[in-house]
Asker: 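So that we are looking at the same thing, I have put the structure below in structure tokens.
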Amino acid sequence: MKRYAAVCLITILSFGLLVKQVYPNLTTGDSAEFVVNAATLGINHPAGYPLFSLIGKLFSLLPLGSLAFRVNLLSAAATSLSATMLVITLYQFGSLILVVVCGCLLPLGLITHGQSISAEVYTLNLFIFSVLIYLAQCFHLTKKRYLVWLLFFVWALGLLNHYLTLFVLPLLLWTISQVKSKMRTSIVVLLLFGIGVAGYCYLPIRAANSPPISWGEPDSASTFYHHLKRSAYHKLEFGLSVPLTDKLMYVLHFLRLNIKEYSLIVYIFGFLGMFTLLYERFEWGTVLLTEYLLLSLGLIFLLRFPYRIQDIYRVSVYYLPAFYLSLIFCFSGLNWLWKKLAVKNKARYVLVLIIVLPLINYWQKPDTRLNFLASNYITAMVMTVPQNSLIITEGDNETFGLFYFKAVAALRPDLQIFNLFEKALRTKSRIDSEQVVAYANQRNAPAGFSPNGLLYLEKSYLTNPFKYYSMNDFSKSYQHFDNFEREMMATFTLLKGINFLDARKSSRAIVELQNAGEIGAEFAWVNNHAGALFDQMRLRDKAVFHYRQSIKADPYYLEAYYNLGLSLNRQKDPSAQEVVKKYLELSNNIESEKPYREKVKNLLSN
């Protein structure tokens with residue numbers, strides 16, 4: 001009875017705490033894409049994530065709040081169920097009080113909480129991982145063959161959600177090695193695995209029906225294969241070409257993130273728990289420790305991300321299963337000490353208090369219930385374009401937010417959207433001669449296009465953007481927002497400065513461009529863009545400062561090195577030579593940089 005009470009308590013408490021923080025509408029990053037594709041059963045970016053779309057569709061039918069809020073609830077529900085699975089997994093091995101404490105900690109972790117309040121695939125992946133750990137533990141204790149069958153079937157379902165589930169393969173191979181009738185078990189396992197992954201057939205079937213978003217258009221054998229293979233990201237993910245120093249920096253970052261996720265106390269008890277678990281249940285402890293190392297250090301050395309500020313956040317969300325295991329280790333360490341304090345009840349209460357204290361951090365998290373930043377951003381964008389316009393975009397924040405307004409909310413169904421990066425999206429590719437074209441990025445806007453709020457239009461269509469919406473001042477509040485939100489704020493502020501510059505209000509423009517550089521300090525393109533605008537205003541010192549900030553954010557950002565070299569050269573600064581040499585070193589063998597390389601080589605010769 002106590003077990004069922006603990007399970008119900010954790011499920012209700014964790015879900016209630018998360019619902020309090022769930023975003024009320026659209027958020028940034030991939031979230032808007034997942035919302036749109038859950039509502040319309042579209043095709044997400046590779047590898048498609050069909051399981052999230054299908055479950056998200058069910059959540060979209062709930063009679064609660066906005067459609068985006070309903071799909072966001074899926075992430076909160078997945079995290080609360082993960083906490084429930086943690087309680088079920090730990091219950092029989094120690095004190096109920098410690099089990100409940102560890103269950104409460106899970107949804108309050110820094111990264112875990114952040115992924116639980118908007119539509120993202122990582123908490124659903126965490127829930128599937130928690131089920132796999134529970135089934136594997138049950139098999140370890142009972143050796144019942146049907147548990148192996150269930151393990152592989154759930155694993156196959158996990159692959160329908162995210163490829164990170166592949167890292168659980170060693171755990172599954174261990175269970176197979178423990179079975180006596182390996183041939184029969186292998187046949188059943190292959191059959192159930194095939195049934196599970198058959199869910200990927202959803203992609204070509206649905207793509208053939210032309211949903212609003214059809215990333216990669218996987219309606220043929222070739223495009224379906226490339227979508228599953230994630231060919232669009234072949235230069236971004238796996239590989240060993242990143243310098244070893246970058247890998248080591250990621251290792252240090254992971255160790256720091258372990259402490260930030262819950263607290264230093266939890267991390268210390270987790271470290272202790274690794275040894276106590278190995279001592280008490282060596283085989284099971286070895287399996288869990290292997291998975292932990294694979295899902296942390298193994299992941300770091302397999303991924304091909306250079307150590308840049310913007311990539312740190314991208315990689316951090318991959319660690320959720322490792323954080324889950326760290327709570328299992330923490331419980332093991334706590335339980336060992338709990339037994340040692342068997343005759344000292346007061347000491348036990350102090351121990352619980354020490355662990356519970358990190359929960360206070362939860363109340364310091366920013367309130368997101370009234371966070372309409374992303375939806376307000378897109379609203380401001382579409383208010384400045386005429387009917388039947390074609391908006392050409394580049395980033396996720398603009399593209400999928402616009403799709404939400406067009407295909408789901410139906411507020412601007414007249415708009416056409418074309419994304420320059422995701423060219424495989426099923427979107428309009430031909431521009432009518434009489435169609436109004438707007439660009440969401442200055443770098444792609446041709447000559448004759450000027451800023452109009454958050455878009456660039458031909459001069460004949462320009463209006464006064466300030467009469468459509470108020471441009472907020474984010475310079476004092478941006479620290480409380482997440483990575484993607486800060487990029488949106490920086491974009492907003494940068495464009496505000498450009499609008500002031502275009503209106504010949506130089507002093508206001510300078511303030512906004514500096515604010516944009518501060519807000520978007522972790523995004524190399526923001527400071528590089530601000531630097532280029534200061535160069536245009538002939539404020540060379542400010543330009544140089546922002547170029548250097550851009551390089552600080554991304555030591556591999558070629559545009560910043562190129563622009564900095566030219567700017568320093570205009571000031572007759574001898575350090576221009578070193579900057580140009582660095583640019584030539586980094587751009588070596590990059591075909592697209594050849595024209596620029598020839599130009600800066602002249603600086604060295606002079």
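The basis for the numbers below is simple: all heavy atoms, side chains too, and nothing from hydrogens, waters or symmetry mates. For reference, positions follow the sequence shown, starting with 1.
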Asker: Indicate yes or no: at least one non-hydrogen side-chain atom of Val35 is less than 4.5 angstrom from one of Phe400.
Answerer: no

Asker: Parallel, tilted or perpendicular, judged at 30° and 60°: which one describes the rings of Tyr318 and Tyr163?
Answerer: perpendicular

Asker: Could you report the tightest heavy-atom contact between Leu160 and Gly196, atom names first, then the distance?
Answerer: CD1-O, 3.4 Å

Asker: Sub-3.5 Å donor-acceptor pair from the side chain of Lys247 to the main-chain atoms of Ile300, do we have one?
Answerer: yes

Asker: When rounded to the nearest 0.5 angstrom, what distance separates CE in Met489 from CZ in Arg486?
Answerer: 9.0 Å

Asker: So His162 and Tyr122, would you call those rings parallel, tilted or perpendicular, with 30° and 60° as cut-offs?
Answerer: tilted

Asker: Would you please indicate if the ring centroids of Tyr23 and Phe69 are separated by under 6.0 Å?
Answerer: no

Asker: Give the intermediate values and the outcome of side chain to side chain contact (heavy atoms under 4.5 Å, CB included) for residues Leu157 and Val197.
Answerer: CA-CA 6 Å; Leu157 293 179; Val197 295; over 6 Å; no

Asker: Would Leu169 and Leu173 satisfy side chain to side chain contact (heavy atoms under 4.5 Å, CB included), going step by step from the backbone distance to the final call?
Answerer: CA-CA 6 Å; Leu169 184 59; Leu173 294 178; 4.1 Å; yes

Asker: Which heavy-atom pair separates Leu86 from Cys102 by the least distance, and what is that distance?
Answerer: CD2-O, 3.6 Å

Asker: Under the side-chain contact (heavy atoms from CB on, under 4.5 Å) test, which residues partner Thr84, sequence neighbours left out?
Answerer: Val7, Thr11, Ile88

Asker: Keeping Ser116 on the side-chain end and Ala76 on the backbone end, is there a donor-acceptor pair under 3.5 Å?
Answerer: no

Asker: Any sub-3.5 Å donor-acceptor pair from Ser82's side-chain atoms to Ser130's backbone N or O?
Answerer: no

Asker: Rounded to the nearest 0.5 Å, what's the gap from CG on Leu81 to CG on Leu126? Could you check?
Answerer: 10.5 Å

Asker: Could you tell me if the side chain of Pro107 sits less than 4.5 Å from the side chain of His113, heavy atoms only?
Answerer: no

Asker: Out of curiosity, Ile312 CD1 to His253 NE2, how far, rounded to the nearest 0.5 Å?
Answerer: 5.0 Å

Asker: Check Pro46 against Tyr49 and note the closest heavy-atom contact, atom names and distance.
Answerer: O-OH, 3.4 Å

Asker: Does the pair Glu261 and Thr112 meet the rule for a side-chain hydrogen bond (donor to acceptor under 3.5 Å, both in side chains), with working shown?
Answerer: CA-CA 8 Å; Glu261 180 67 8; Thr112 305; 2.7 Å; yes

Asker: Quick one: pull up CG in Leu255 and CG in Leu297 and give me the separation to the nearest 0.5 Å.
Answerer: 7.5 Å

Asker: Hey, is the main chain of Leu62 close enough, under 3.5 Å, to the side chain of Arg70 for a donor-acceptor pair?
Answerer: yes

Asker: Rounded at 0.5 Å granularity, tell me how far OG in Ser326 sits from CZ in Phe269.
Answerer: 14.0 Å

Asker: May I ask you to test the Leu327-Val266 pair for a side-chain heavy-atom distance under 4.5 Å?
Answerer: yes

Asker: Suppose we screen for ring pair (Phe, Tyr, Trp, His ring centres under 6.0 Å). Which residues come up paired with Phe271, at least two apart in sequence or across chains?
Answerer: Phe275

Asker: Is the positively charged end of Lys143 above the ring of Phe139, judged by distance under 6.0 angstrom from the centroid and angle within 45° of the axis?
Answerer: yes

Asker: Side chains of Cys330 and Tyr262, heavy atoms from C-beta outward: is any pair under 4.5 Å?
Answerer: no

Asker: Let me know which of Leu192, Thr165, Leu135 forms a side chain to side chain contact (heavy atoms under 4.5 Å, CB included) with Val154.
Answerer: Leu135

Asker: Flag the pair Asn25 / Leu67 as yes when at least one side-chain heavy-atom distance between them is below 4.5 Å, and no otherwise.
Answerer: no

Asker: Could you check whether any side-chain heavy atom of Val179 comes within less than 4.5 Å of a side-chain heavy atom of Thr175, counting everything from C-beta outward?
Answerer: no

Asker: Only pairs at least two apart or in different chains count here, so list each side-chain hydrogen bond (donor to acceptor under 3.5 Å, both in side chains) that has a residue in residues 30-39.
Answerer: Thr27-Ser31, Glu33-His45, Asn37-Asn44

Asker: Do Ser332 and Thr276 meet the criterion of a side-chain donor-acceptor pair at a distance under 3.5 Å?
Answerer: yes

Asker: When you measure from the side chain of Asn72 to the backbone of Pro24, do you find a donor-acceptor pair of N or O atoms at a distance under 3.5 Å?
Answerer: no

Asker: So, Ser75 side chain and Glu120 main chain: donor-acceptor pair closer than 3.5 Å or not?
Answerer: yes

Asker: Compare every heavy atom of Gly42 with every heavy atom of Ser53, then report the nearest pair and how far apart it is.
Answerer: OG-O, 4.2 Å

Asker: Could you list the donor-acceptor pairs under 3.5 angstrom formed between side-chain atoms of residues 278-289 and any protein atom two or more places apart in sequence or on another chain?
Answerer:
from	atom 1	to	atom 2	distance (Å)
Glu283	OE2	Trp174	NE1	3.2
Glu283	OE2	Gln178	NE2	3.4
Thr286	OG1	Phe282	O	2.7

Asker: Start with the C-alpha distance between Ile43 and Tyr202, add both sets of side-chain angles, then the distance that settles side chain to side chain contact (heavy atoms under 4.5 Å, CB included), and finish with yes or no.
Answerer: CA-CA 9 Å; Ile43 309 299; Tyr202 159 87; 4.3 Å; yes

Asker: CD/Glu487 to CZ/Phe523 distance, rounded to the nearest 0.5 angstrom?
Answerer: 4.5 Å

Asker: Run the ring pair (Phe, Tyr, Trp, His ring centres under 6.0 Å) test against Tyr307 and tell me which residues pass, sequence neighbours left out.
Answerer: Tyr250

Asker: With sequence neighbours left out, what residues match Tyr292 under ring pair (Phe, Tyr, Trp, His ring centres under 6.0 Å)?
Answerer: Phe329

Asker: State, to 0.1 Å, how close Cys138 and Leu147 come at their nearest heavy-atom pair, and which atoms those are.
Answerer: C-CD1, 3.6 Å

Asker: Between the main-chain N or O of Ala521 and the side-chain N or O of Gln549, is there a donor-acceptor pair closer than 3.5 Å?
Answerer: no

Asker: With the side chain counted from C-beta on, respond yes when Tyr557 and Lys552 share a heavy-atom pair under 4.5 Å apart, and no when they do not.
Answerer: no

Asker: For Asn527 versus Ser550, what's the shortest heavy-atom pair and its separation?
Answerer: CB-N, 3.8 Å

Asker: Going through the checks in order, is the side chain to side chain contact (heavy atoms under 4.5 Å, CB included) test met by Leu51 and Ile128?
Answerer: CA-CA 11 Å; Leu51 185 65; Ile128 292 169; 3.8 Å; yes

Asker: Please check if the side chain of Asn161 supplies one atom and the backbone of Pro50 the other of a donor-acceptor pair under 3.5 Å.
Answerer: no

Asker: Is the centre of the Phe254 ring less than 6.0 Å from the centre of the Tyr319 ring?
Answerer: yes

Asker: Does the side chain of Phe153 reach to within under 4.5 Å of the side chain of Phe193, using non-hydrogen atoms?
Answerer: no

